[in-house]
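The first residue of the sequence shown is numbered 1, and numbering continues consecutively from there.
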Amino acid sequence: MSNKQALKQYDIKKYRTPDGYTSDICVFTIISEKNEAYKPPTMDLKIMLIKRAALDSEGNMNIEANKWAIPGGFVQDDETGFQAAKRELEEETNISGIHIKQFGVYDKPGRDPRGWIISNAHYAIVPDTYLSLRKAQDDAADIELFSIKDVMDLELAFDHKQIIADAIQVITNDLLQTTVAKNFLPENFTYSELQAVLRTVTNDPAILSDSSFSRKIKSLPFIQEVQGKTTTRTSKRATKLYTFIEMDVIKPIYTARY
């Protein structure tokens, strides 16, 4: 039997299809604050959320109105979920041109009061300058950066609390297993400045310990000391500066030290 013949026998009415397909985008950044001279900055991991407007774009009452939510919306029939994520992000927040990745699909029954709606979740982690033009528009009534320490106390729309929790785990892996931390550091940085970035996602004693981490940084193959340069940005004593080396970092779990 050919495909054409098989399709003639196929009855689409026999199968329940979803009521909608959406794309959501978790956008993270790290905010740096210099509080004291000769000390490393305080860094805080934040996520950008929008407040859902009372009315949708057609003037109807909005579902989950006035709740904070991840930017996102329905995928159109002529685009992919990834394309929809980029479009919805720009429509609701005015943010475009950032690198986003897909990390999960959310289809738990009952996750959306409108019906059987499946969400394709994406994330990005970018310097705060990439978000400087953010503004609430389209279905968004407000937009704000929330500290990860506070976001789980908010009343969030749909199952966005679960999506954010999963995205934080992905971000943690990115920061601890890749060199993405360099996006939040000057080209030449001290060990304590790198330590401040990593502290935003981990309580690992090996990273929190000044003495251990200052020794560890000297053995990392993707970081090298900047010869002949020091700084007093993070200490009254002249402190060594380091820089990232461009290389692929692949660490097999079977050779890692635990």
Do the side chains of His160 and Asp24 get nearer than 4.5 Å, heavy atoms only? yes
Set of residues satisfying ring-ring contact (aromatic ring centres under 6.0 Å, His included) with respect to Phe189, sequence neighbours excluded: Phe244
Carboxylate-amine/guanidinium proximity below 4.0 Å for Lys51 and Glu144: no
Heavy atoms, side chains only, cut-off 4.5 Å: are Ile223 and Thr243 in contact? no
Please test Ile117 against Asp107 for side-chain contact (heavy atoms from CB on, under 4.5 Å), starting from the C-alpha separation and ending with a verdict. CA-CA 7 Å; Ile117 295 178; Asp107 59 358; over 6 Å; no
For Tyr15 together with Tyr10, are the ring centres under 6.0 Å from each other? yes
Heavy-atom check, side chain of Thr200 versus side chain of Asp44, under 4.5 Å: no
Under a 4.5 Å cut-off applied to non-hydrogen side-chain atoms, are Thr172 and Ile168 in contact? yes
Which residues pass the salt bridge (Lys or Arg N to Asp or Glu O under 4.0 Å) test with Arg237, sequence neighbours left out? none
Using a strict cut-off of less than 4.0 Å between a Lys/Arg side-chain nitrogen and an Asp/Glu carboxylate oxygen, indicate whether Arg114 and Asp112 qualify as a salt bridge. yes
Heavy-atom distance under 4.5 Å between the side chains of Gln137 and Asn94, does that happen here? yes
Inspect the surroundings of NZ in Lys135 and state if more than 12 heavy atoms from other residues, nucleotides or ligands are less than 6.0 Å away. no
By the rule that ILVMFWY residues connect when side-chain heavy atoms come within less than 4.5 angstrom, directly or transitively, which residues belong alongside Met48? Ile25, Val27, Ile31, Ile50, Phe82, Leu89, Ile95, Ile98, Ile100, Val126, Tyr130, Leu131, Ile143, Leu145
In terms of side-chain geometry, is the basic nitrogen of Arg16 or Asp19 positioned less than 4.0 Å from the acidic oxygen of its partner? yes
Taking the side chain as C-beta and beyond, is there a heavy-atom pair between Gln102 and Ser23 under 4.5 Å? no
Has the side chain of Gln9 got a donor or acceptor atom that lies under 3.5 Å from a matching backbone atom of Ala6? no
Name all pairs fulfilling the salt bridge (Lys or Arg N to Asp or Glu O under 4.0 Å) condition that reach into residues 69-80, sequence neighbours left out, sorted by first residue then second. Glu79-Arg87
Partner residues of Glu246 under the salt bridge (Lys or Arg N to Asp or Glu O under 4.0 Å) criterion, sequence neighbours left out: Lys182
Under a single-linkage definition using a 4.5 Å side-chain heavy-atom cutoff for Ile, Leu, Val, Met, Phe, Trp and Tyr, are Leu194 and Phe184 assigned to the same hydrophobic cluster? yes
Any sub-3.5 Å donor-acceptor pair from Thr230's side-chain atoms to Lys240's backbone N or O? no
Are any non-hydrogen side-chain atoms of Val170 and Lys101 less than 4.5 angstrom apart? no
Under 3.5 Å, is there a donor-acceptor pair linking the side chains of Thr29 and Asp128? no
Side chains of Asn188 and Tyr242: any donor to acceptor distance under 3.5 Å? no
Counting C-beta onward and ignoring hydrogens, is there a side-chain heavy-atom pair between Asp210 and Ser192 closer than 4.5 Å? no
Which residues satisfy the salt bridge (Lys or Arg N to Asp or Glu O under 4.0 Å) test with Asp139, sequence neighbours excluded? none
If you group Ile, Leu, Val, Met, Phe, Trp and Tyr by side-chain heavy-atom gaps below 4.5 Å, do Tyr106 and Val75 land in one group? no
Leu176-Leu208 co-clustered via ILVMFWY side chain contacts under 4.5 Å: no
Please round to the nearest 0.5 Å and tell me the distance separating atom CZ of Arg199 and atom CG of Asp204. 11.0 Å
